[in-house]
Amino acid sequence: MNGINSDSVAALLEHQQKAHTKQMTVSTAQRRERIQQVINLLVNHHQELVEAIETDFSGRSQGFSIMNDILGSLACLKYTRDNLAPWLENDNRDVFSPYDQLGSTARVEYQPKGSVGIIGTWNAPLYTLLAPLACALGAGNRAILKPSEVTPKTAEVLQKLFKQHIDPLLVSVVTGGVEVSAAFSALPFDHMVFTGSTTVGKKIMAAAANNLVPVTLELGGKSPVVVSESCDLVETCKRLALAKSNNGGQVCVSPDIIYLPRSKLEQVAELLLENFRDFFPHVSNNSDVVPMVNRHHCQRVVDLVEQARAAGCEVRSSHKVDSLSAIVSADQRLPLQLVISPTKNEAIMQEEIFGPALVLLPYDDIHEVITDINSRAKPLALYYFGEDQLELEMVLANTSSGGVSVNDCLMHAAMHDAPFGGVGASGMGHYHGREGFLSFSHQRTVFVAPKHDPRGEWGLLPPHHDQFKAMMSAQVIAD
Ligand code: NAD
C-alpha cells in the first residue's frame with residue numbers, strides 16, 4: 001500500500017474534514033489560487049507525468065498524453081478558475097405569497113461540501129482525477145485522489161508531485177491496489193467521484209451508502225453510432241476510424257456498435273479499414289498507435305473478437321496479421337477489427353469493447369435501430385451521422401444516453417461549458433462547467449422571516465378553532 005494504510009487514509013480524511021470545518025467559507029480568490037496551484041504543478045511537471053504514462057502503457061506517445069491528459073486537465077482547471085466567480089453569487093429566490101409582501105427574503109447559497117474522494121481510472125490516468133478535481137476545488141472543497149493501480153508509475157509520480165507542491169490538507173494522493181480502492185470507497189467522504197466500470201460502480205455506491213456519501217459515477221457502456229442513409233459516407237467513415245483509434249479505443253465514449261443501412265455495409269467496412277490504414281500505415285511499433293494498457297486488457301479485446309469469429313461471425317482487419325494473440329505477447333498494438341453482424345449471444349455484444357474493434361450491424365429500417373438501442377443499458381454516448389434533421393430529431397427524442405455528438409464522435413465530452421456524465425447504467429451526476437460546480441456544492445436554501453408574524457391573525461396557530469379545517473380545505477383547488 002506504499003506506506004499508506006486504510007487507517008492513515010481515514011486519518012487524512014479526518015484532518016481534511018477538520019480543516020474544512022475550521023474554514024468553511026472559501027472566497028473566490030482562494031478557490032482560484034488553489035486551482036492555480038494544481039495548474040502550476042501540471043505545467044511545471046508535465047514532462048515527468050507523460051513519461052510515467054508512456055512507461056505504464058509501454059509506449060503511449062508523449063504527444064498524445066499531453067493532448068489528452070495534460071491539456072484536457074488544464075482546460076478544465078482553467079475554465080473553472082476563470083468562470084467560477086458568478087457561480088458563487090447567492091441566488092435570490094421568490095418567496096411564496098403573502099410572505100413576499102411582509103418583507104421575507106430567500107436565497108440559495110452554494111457551500112463547499114468538505115472533502116471529496118476521487119477514484120480515477122487508467123485510460124486517462126490524470127484527466128479522470130484532475131477534471132473532477134477542478135470542479136471540486138471550484139466548489140471550495142478539499143480532495144483525496146486515488147489513481148488506478150493499472151498505471152502505477154503515473155500514480156507514484158502524481159503522489160510525489162502533490163506531496164511536494166500541494167498542502168495535503170487541500171489535496172492528497174493515495175496509491176495502492178483494489179483493496180485500497182475498496183477501503184477508500186467505504187470512508188465517510190462528503191462526496192465521492194468514481195470513474196470506471198458499471199460493475200465496480202455498483203460496489204462503490206453500495207459502500208458509499210453505508211455513510212450516506214453522495215456519489216458521482218462516471219461509468220461506461222456500449223456507445224452506439226447511427227449511420228443515416230443521408231450521411232456523407234466518406235467523411236463519416238474517416239471520422240469514425242479516427243475516433244475509434246483514439247487512445248487505442250480505450251475511451252469511455254468510444255464508438256462501439258455501428259448501425260448502418262444494409263446496402264452500405266460493404267462500402268462502410270472498406271472505408272473504415274482504408275481510413276484506419278491511412279492514419280496508421282503500419283501498426284506494430286508505430287508510436288501513433290496507442291497500445292493496449294497491458295497484456296490482460298489486450299487479451300480481453302482479442303478474446304472478444306476471437307469468440308465472435310469462432311461463433312461464425314465475419315471479422316475483417318485493417319492490417320494483415322497472422323494471429324491477434326501473438327500481438328498480446330508482442331507490443332500490444334492492435335489493428336482495427338470489424339466484427340460483422342454478431343448475434344446478441346456473442347460476448348462482444350454484451351461487454352464494452354474498450355479497444356480497437358467495432359461491431360457493424362446492418363439495418364433495414366431506422367425504427368429497428370431505435371428499438372435495439374433501447375433494448376440495451378443506457379449508453380454514455382450516442383452518435384448520429386447524417387443530414388436528415390427529422391430523422392435526427394426522432395433518434396434523439398426516442399433514445400437516452402449520457403451525451404450526444406452529431407456528425408462526429410467524442411466531442412461532446414470535451415465541452416467545458418456543458419455537463420458530462422452518464423444516465424442509468426452509464427452513471428449518474430456530472431462534472432464540467434457550472435453543473436460540475438453544482439454537483440460538488442451543497443445548495444443551501446436560506447429563508448429570512450419577516451419581523452411581523454401574521455400567523456396568529458390568520459387563525460393558523462393552535463389551539464385550532466373549528467374553521468381551521470374548512471380554511472385549509474377551501475384552498476384545495478386545481479388552479
Ligand atoms: P474498473 O471499474 O475495473 O476499475 C476502476 C477502479 O476501481 C480501479 O482503479 C480499482 O482500483 C477500483 N476498484 C476495483 N474494484 C473495486 C472495489 N471492489 N471497490 C472499490 N474500488 C474498486 O474500470 P477500469 O478497467 O479501470 O476502467 C475501464 C472502465 O472505466 C470502462 O467501463 C470505461 O468506460 C470506464 N470509464 C469511464 C469514464 C467516464 O468518464 N465515464 C472515463 C474513463 C473510463
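Order of listing sets the numbers, starting from 1, for every ligand and every atom in it.
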**Message:** Classify the ring geometry of H191 against F440: parallel below 30°, tilted from 30° to 60°, perpendicular beyond 60°.
**Reply:** perpendicular
**Asked** Near G120, which atoms of ligand 1 are under 4.0 Å from a heavy atom of that residue?
**Response** 9 (O)
**Prompt:** Which residue and non-hydrogen atom of the protein lie closest to atom 18 (N) of ligand 1, and at what distance in Å?
**Reply:** K203 CD, 3.4 Å
**Request:** Run the numbers for me: atoms of ligand 1, each under 4.0 Å from some heavy atom of S148, listed by number.
**Result:** 9 (O)
**Request:** Could you list the atoms of ligand 1 found under 4.0 angstrom from a heavy atom of T195?
**Result:** 5 (C), 36 (N), 37 (C), 38 (C), 39 (C), 40 (O), 42 (C), 43 (C), 44 (C)
**Asked** Is there a side-chain contact between V171 and L133, using heavy atoms and a 4.5 Å cut-off?
**Response** yes
**Message:** Considering non-hydrogen atoms of the protein only, which is the closest contact for atom 9 (O) of ligand 1, and what is the distance?
**Reply:** E149 OE1, 3.3 Å
**Item:** Geometric N/O contact E352 with ligand 1, under 3.5 angstrom
**Value:** yes
**Message:** T121 versus ligand 1: do any nitrogen or oxygen atoms come within less than 3.5 Å of each other?
**Reply:** yes
**Request:** Could you label the plane-to-plane angle of the H432 and Y127 rings as parallel, tilted or perpendicular, counting under 30° as parallel and over 60° as perpendicular?
**Result:** perpendicular
**Prompt:** Hey, what's the ring geometry for H165 with H45, parallel, tilted or perpendicular (30° and 60° as the breaks)?
**Reply:** tilted
**Request:** Using a strict 4.0 Å cut-off to heavy atoms of L219, name the atoms of ligand 1 that fall inside it.
**Result:** 37 (C), 38 (C), 39 (C), 41 (N)
**Message:** So, applying side chain to side chain contact (heavy atoms under 4.5 Å, CB included) with L219, which one of V423, T199, T198, I204 is it?
**Reply:** T198
**Prompt:** What do you reckon, does W122 have a nitrogen or oxygen under 3.5 Å from a nitrogen or oxygen of ligand 1?
**Reply:** yes
**Item:** Of the listed options P125, G201, S426, S181, closest to atom 12 (C) of ligand 1 (non-hydrogen atoms)
**Value:** S181
**Asked** Which ligand 1 atoms, with their elements, are less than 4.0 angstrom from a heavy-atom of A182?
**Response** 19 (N), 20 (C), 21 (N)
**Prompt:** Between the candidates C252, G427, S197, which shows the shortest non-hydrogen contact distance to atom 3 (O) of ligand 1?
**Reply:** S197
**Prompt:** Which of the numbered atoms in ligand 1 are below 4.0 angstrom from a heavy atom of E218?
**Reply:** 37 (C), 38 (C), 39 (C), 40 (O), 41 (N)
**Request:** Considering only non-hydrogen protein atoms, determine which one is nearest to atom 17 (C) of ligand 1 and report residue, atom name and distance to 0.1 Å.
**Result:** V200 CG1, 4.0 Å
**Closest non-hydrogen atom pair between G402 and S426, with its separation** = N-OG, 4.5 Å
**Message:** Using the side chain to side chain contact (heavy atoms under 4.5 Å, CB included) definition, which of the options L161, L41, V173 pairs with I166?
**Reply:** L41
**Request:** Report the part of I204 in contact with ligand 1, treating N, CA, C, O as backbone and CB onward as side chain, heavy atoms under 4.0 Å; options are side chain, backbone, both, neither.
**Result:** side chain
**Asked** Does some non-hydrogen atom of G402 fall short of 4.0 Å from ligand 1?
**Response** no
**Prompt:** Run the side chain to side chain donor-acceptor pair (under 3.5 Å) check on R60 and N247 step by step: do they pass?
**Reply:** CA-CA 8 Å; R60 187 165 103 171; N247 206 22; 2.9 Å; yes
**Request:** Could you establish whether F194 and ligand 1 come within less than 4.0 Å of each other, counting only heavy atoms on the residue side?
**Result:** yes
**Prompt:** Among the heavy atoms of V150, does any lie under 4.0 Å from an atom of ligand 1?
**Reply:** no
**Request:** Measure the shortest side-chain to side-chain distance between F385 and L240 over non-hydrogen atoms and say whether it is less than 4.5 angstrom.
**Result:** yes
**Item:** Ligand-residue contact atoms, ligand 1 with L380, heavy atoms, under 4.0 Å
**Value:** 41 (N)
**Message:** Which residue and atom name correspond to the protein heavy atom nearest atom 15 (N) of ligand 1, and how close is it?
**Reply:** V178 CG1, 3.4 Å
**Message:** Side chains of V339 and E346, heavy atoms from C-beta outward: is any pair under 4.5 Å?
**Reply:** no
**Asked** Can you tell me which residue and heavy atom of the protein come closest to atom 43 (C) of ligand 1, and the distance to 0.1 Å?
**Response** N123 OD1, 3.2 Å
**Item:** For atom 35 (C) of ligand 1, the protein heavy atom that lies nearest, with its residue and separation
**Value:** G196 O, 3.3 Å
**Asked** Given F420, F354, Y431, which one has a non-hydrogen atom that is nearest to atom 33 (C) of ligand 1?
**Response** F354
**Prompt:** Is any side-chain heavy atom of R142 closer than 4.5 Å to a side-chain heavy atom of S172?
**Reply:** no
**Message:** I'd like to know if the side chain of E391 pairs up with that of Y384 as donor and acceptor (distance under 3.5 Å, no hydrogens or angles considered).
**Reply:** yes
**Between S439 and Y431, a side-chain donor and acceptor under 3.5 Å** = no
**Item:** Plane angle bin for H319 and F276 - parallel if under 30°, tilted between 30 and 60°, otherwise perpendicular
**Value:** perpendicular
